[in-house]
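Everything below concerns the one structure shown next.
Residue numbers run from 1 in the order of the sequence given. Whatever order the structure lists them in is the order used to number ligands and atoms, beginning at 1. Because the structure is predicted, anything quoted here is derived from the model rather than measured.
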Amino acid sequence: MASELPFLERVGDRTPISLEILPPNRGVGLDAIHSFIESLGGWRPAFISVTYHQAYKIEENDTRIWNRKKPGTIGVCAMLKFQYGLEVIPHVICGGFSTYESEDFLVDLDYLGLNTILALRGDPRKGDDSFTPHRDGHRYASDLVAQVGRLNDGDYMEDIKEPKPTTFTVGVAGYPEKHKECADPDMDIQNLKNKVDAGASFIITQMFFNNEDFFSFEKRCRAAGISVPIIPGIKILTTKRQIEVLPEIFHINIPQQLKEEILACEDNAAAMQVGIEHSIKQAKELIAHGVPCLHLFSMNNTAAITPLLNELK
Ligand code: FAD
């Protein structure tokens, strides 16, 4: 496994730590991303994953409504790789893409040497109750994983003489507290296993605030025959409002005691301190448990992640 996923190799006995960042809003430029990377002070994460934000609303007549707030996933990834020499993992989603467009996107990543990706279905568009795939696109992340597998076999969507196979390594998302749309937790794990069977070689989880949820999920994955590394995703609470908003958006639970501690805070600065302390406890327990890596949903927020990194580095 270590040779297949070199970004998970340990330096000494240190557990690798990775970060997730978002591309900037349209028109804002990259200054904040440069400042964020420079604020890490030379510390190098195992990898940085960069989110993708759905492209277009597809109307019945195929009119494309321009509604992307955060374009630039590929550009940010290329900049981080070539300017800073960082290991970068772009998120690739199904939503908004026909399978031909997915192939084009993957060809660009291949040409840039961005050969490790996180393959996702993507969330429903803002305002929609459910996910609607592009009419010529993938409905599930497993279909995208399978498409990447075909490219790795040199099987492109056109007949090509002597095709050059791609060399992608694919990660997928897992949900310790179950994905919202799946009624049955066992079926959700089976759907995750389908992604691994389609070719995924690592899993990054949704955020969770109670490590028992992760431990139980990991156990159920192993029992279902999923043997790839499972990387826990950690989010540091930074505002009081997040105890309402995060469960709504991500369908996760925040333990009652943590909620109460946050509610008792006078302001967001105090809430962030509670969030940081909670994340340090979570991270230390996960590391002691032997996780292959810790993935921080950093939200490009240096102030929140630095105290945690200082504890763990
Ligand atoms: P899937 O694996 O396709 O699963 C979606 C649902 O369908 C699940 O309920 C699953 O159980 C079910 N299912 C799967 N296969 C089948 C089947 N064959 N039959 C019936 N049901 C099935 N979203 C973005 O838009 N951009 C991002 O950059 C992004 N980054 C993320 C990073 C991480 C670490 C995580 C955990 C999530 C991220 N998301 C992102 C959110 C993600 O796109 C959503 O959670 C989405 O709703 C599901 O994506 P998925 O890849 O897990 O989908």
Is any side-chain heavy atom of Y100 less than 4.5 Å from a side-chain heavy atom of E103?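 The answer is no, as the side chains (C-beta and beyond) never meet within the 4.5 Å cut-off.
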If you have a sec, work out which protein heavy atom is nearest [atom] and how many Å separate them, to one decimal?
{"atom": "atom 35 (C) of ligand 1", "result": "A173 CB, 3.8 Å"}
{"atom": "atom 40 (C) of ligand 1", "result": "L120 CD1, 4.0 Å"}
{"atom": "atom 34 (C) of ligand 1", "result": "I204 CG2, 3.8 Å"}
{"atom": "atom 14 (C) of ligand 1", "result": "Y140 CD2, 3.4 Å"}

Any sub-3.5 Å donor-acceptor pair from [X]'s side-chain atoms to [Y]'s backbone N or O?
{"X": "R44", "Y": "G85", "value": "yes"}
{"X": "H53", "Y": "K69", "value": "no"}
{"X": "S279", "Y": "I276", "value": "yes"}

Within-cut-off N or O pair, [X] and ligand 1, under 3.5 Å:
{"X": "H91", "value": "yes"}
{"X": "G122", "value": "yes"}
{"X": "R139", "value": "no"}
{"X": "S142", "value": "no"}
{"X": "E20", "value": "no"}
{"X": "D123", "value": "yes"}
{"X": "Y175", "value": "yes"}
{"X": "A141", "value": "yes"}
{"X": "R121", "value": "yes"}

Less than 4.0 Å is my threshold; does some heavy atom of F250 fall inside it relative to ligand 1?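 No, that is not the case, since the closest heavy atom of the residue is not under 4.0 Å from the ligand.
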Heavy atom of K195, distance to ligand 1 below 4.0 Å: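 Yes, that is the case, since the closest heavy atom of the residue is under 4.0 Å from the ligand.
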Determine the interplanar angle of the F105 and Y52 rings, folded into 0 to 90°, and report it as parallel if under 30°, tilted if 30 to 60°, perpendicular if over 60°.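 Ring orientation, 0 to 90° scale: perpendicular.
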Report, in ascending order of atom number, the atoms of ligand 1 lying under 4.0 Å from any heavy atom of T51.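 So the answer, numbered in order with elements, is 28 (O).
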Counting neighbours of CE on M187 that are heavy atoms of other residues, nucleotides or ligands and sit closer than 6.0 Å, is the number greater than 12?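 Counting other residues, nucleotides and ligands, CE of M187 stays at 12 neighbours or fewer.
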Just going by heavy-atom distances, which of H251, H179, H295 is nearest to atom 6 (C) of ligand 1?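 The residue whose heavy atom sits nearest atom 6 (C) of ligand 1 is H179.
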Is atom 11 (O) of ligand 1 near the protein, in the sense that some protein heavy atom lies at less than 4.0 Å from it?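 There is a protein heavy atom less than 4.0 Å from atom 11 (O) of ligand 1.
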Out of the candidates D197, N191, I189, only one should pair with K193 under the side-chain contact (heavy atoms from CB on, under 4.5 Å) rule; please name it.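 Among D197, N191, I189, the one that satisfies the side-chain contact (heavy atoms from CB on, under 4.5 Å) with K193 is D197.
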Could you tell me which non-hydrogen atom of P124 sits nearest to which non-hydrogen atom of F131, and how far apart they are?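 Reported closest heavy-atom pair: CG-N, 3.7 Å.
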Verdict with reasoning, T238 to Q242, per side-chain hydrogen bond (donor to acceptor under 3.5 Å, both in side chains): CA-CA 7 Å; T238 53; Q242 283 174 346; 3.1 Å; yes
Just checking F47 against H295, ring centres under 6.0 Å apart?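 Yes; H295 has its ring centre under 6.0 Å from that of F47.
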D186/Q190 under side-chain hydrogen bond (donor to acceptor under 3.5 Å, both in side chains): CA gap, chis, key distance, verdict: CA-CA 6 Å; D186 292 337; Q190 185 52 49; over 6 Å; no
